[in-house]
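Residue numbering restarts at 1 for every chain, and letters A, B, ... go by the order of the sequence lines. None of the values given here were measured: they were computed from a predicted structure.
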There are 2 protein chains.
Amino acid sequence: MTAPLPNLTKNQSLVFETLAEAGAPLSAYTILDQLREHGFRAPLQVYRALDKLLERGLIHRLESLNAFVACQHKHSHGHQGATVFVICGTCGDVNELHDQVINDQIMRRAVEQKFQVESAMVELRGRCSGCAD
Amino acid sequence: MTAPLPNLTKNQSLVFETLAEAGAPLSAYTILDQLREHGFRAPLQVYRALDKLLERGLIHRLESLNAFVACQHKHSHGHQGATVFVICGTCGDVNELHDQVINDQIMRRAVEQKFQVESAMVELRGRCSGCAD
DNA sequence: GTCGATATGTTATGACATTACATCATATTT
DNA sequence: AAATATGATGTAATGTCATAACATATCGAC
């Protein structure tokens with residue numbers, strides 16, 4: 001069942017490594033700037049790699065930040081359902097969690113409406129414990 | 001035209017009416033185009049009005065669409081917590097709902113992490129019953 | 001009327017993302 | 001081997017979303 005996924009291409013690897021090493025959300029243009037020394041010249045080189053990485057679940061897009069992060073859960077490709085992102089607006093730290101209660105309730109409400117969920121996003125903005133007043 | 005709400009300025013009323021009549025998400029620039037005949041000339045006129053309307057809870061921002069919708073719940077200004085948006089990618093229809101279970105669970109998880117939630121977004125993308133295969 | 005706060009008008013710029021087209025690499029078919 | 005198909009890449013141009021900076025106007029409190 002677990003057929004090994006094909007290797008990442010050079011550009012995909014570069015983009016993924018950049019995100020993984022940052023350990024924080026980066027915009028596509030920030031990634032571009034960091035990869036200029038590796039020959040990147042245009043936004044599309046980044047966006048194309050990001051698209052493939054998103055497809056494979058290796059990274060996530062933070063809609064409220066227009067930014068991308070490496071997935072924190074190494075073996076979560078099988079994970080179905082919503083990912084909850086907890087985003088500190090002060091230090092920029094992002095935590096990713098998967099919550100079964102939220103997930104189940106989302107699906108319950110969707111079924112009520114006969115709505116077929118293709119993707120679900122939950123993003124919390126606020127202050128982490130380290131940045132509290 | 002429905003009657004403008006009290007305490008809204010002229011620009012705020014125009015923007016709100018545009019959204020309310022559309023009954024669907026509009027981008028700031030779409031609103032701008034629709035209000036050119038009323039004297040709007042620049043994006044900032046729209047964004048400033050949108051900011052005030054967001055503050056008052058009369059409209060919502062859909063992060064995954066970079067668009068705005070009038071709040072569907074006329075008397076929900078006191079409503080605390082997450083709003084769930086159910087967005088059909090085919091017909092563009094958007095439904096807004098408030099779910100106490102999701103809300104409570106979000107707050108429970110936030111408290112666990114000592115995270116102070118300032119805002120929460122939940123957006124479901126998929127297909128509505130009318131657009132199902 | 002003066003002052004302070006808020007709203008508005010305008011230009012320019014910054015930030016995020018895609019279209020369109022050309023080229024290159026690799027694998028499969030004939 | 002040549003032809004073909006597919007996917008990745010390179011590049012320029014453009015499209016879309018949002019804010020900075022500065023000037024002017026409106027309105028209420030005093």
**Minimum-distance nucleotide to Arg61(A) side chain [options: dA18(D), dA17(C), dA7(C)]** = dA17(C)
**Message:** For a quick check under 3.5 Å, do Gln113(B) and Asn95(A) share a side-chain donor-acceptor pair by atom type?
**Reply:** no
**Prompt:** Do the side-chain N and O atoms of Gln34(A) and Thr18(A) include a donor-acceptor pair separated by under 3.5 angstrom?
**Reply:** no
**Message:** Using five base pairs at each end to define the local axes, how bent is the helix from dG1(C)-dC30(D) to dT30(C)-dA1(D), to the nearest 10°?
**Reply:**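 One end axis against the other gives 20°.
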Expressed in angstrom and rounded to an integer, what is the separation of [X] atom [atom1] from [N] atom [atom2]?
X	N	atom1	atom2	answer
Glu55(A)	dG7(D)	CD	P	11 Å
Arg56(B)	dA7(C)	CZ	P	10 Å
Leu50(B)	dT8(C)	CG	C1'	15 Å
Asp51(B)	dT6(C)	CG	P	15 Å

Taking 4.0 Å as the cut-off, does a side-chain nitrogen or oxygen of [X] come that near to OP1 or OP2 on [N]?
X	N	value
Thr9(A)	dG7(D)	no
Asn66(B)	dT16(D)	no
Tyr47(B)	dA18(D)	yes

**Heavy-atom side-chain contact between Ile106(A) and Val122(A) under 4.5 Å** = yes
**Asked** Are the side chains of Val101(B) and Arg109(A) in touch, meaning some heavy atoms are under 4.5 Å apart?
**Response** no
**Request:** Mind checking the OG-CG spacing from Ser119(B) to Leu124(A)? Nearest 0.5 Å is all I need.
**Result:** 8.0 Å
**Message:** How long is the straight-line distance from CZ of Phe68(B) back to CG of Leu53(B), given to the nearest 0.5 Å?
**Reply:** 10.0 Å
**Request:** Determine the interplanar angle of the His98(B) and His60(B) rings, folded into 0 to 90°, and report it as parallel if under 30°, tilted if 30 to 60°, perpendicular if over 60°.
**Result:** tilted
**Request:** Return the 5'-most residue of the pair Pro43(B), Lys52(B) with respect to DNA chain C, ranking by each residue's nearest nucleotide.
**Result:** Lys52(B)
**Asked** Do Leu35(B) and Leu50(B) share a hydrophobic cluster (ILVMFWY, side-chain heavy atoms under 4.5 Å, transitive)?
**Response** yes
**Message:** Check for me, please, whether Leu14(A) and Phe16(A) land in the same ILVMFWY cluster - side-chain distances under 4.5 Å, paths through other members count.
**Reply:** yes
Atom pairs under 3.5 Å: protein N/O with N/O of nucleotides 10-12 of chain D:
residue : atom : partner  : partner atom : Å
dG10(D) : OP2  : Asn11(A) : ND2          : 3.1
dG10(D) : OP2  : Gln45(A) : NE2          : 2.3
dG10(D) : O5'  : Gln45(A) : NE2          : 3.4
dG10(D) : N7   : Arg48(A) : NH2          : 2.4
dG10(D) : O6   : Arg48(A) : NH1          : 3.1
dG10(D) : O6   : Arg48(A) : NH2          : 3.2

**Request:** Specify the residues of residues 27-37 of chain A, ordered by number, for which at least one heavy atom lies under 4.0 angstrom from an atom of DNA chain C.
**Result:** Ser27(A), Tyr29(A)
**Prompt:** Below 4.0 angstrom, N of the basic side chain to O of the carboxylate: do Arg125(A) and Glu123(A) qualify?
**Reply:**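 No salt bridge links Arg125(A) with Glu123(A).
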**Request:** Indicate yes or no: does Arg36(B) engage Asp33(B) in a salt bridge with an N to O separation below 4.0 Å.
**Result:**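 Looking at Asp33(B) together with Arg36(B), the answer is yes, because their closest N to O distance falls below 4.0 Å.
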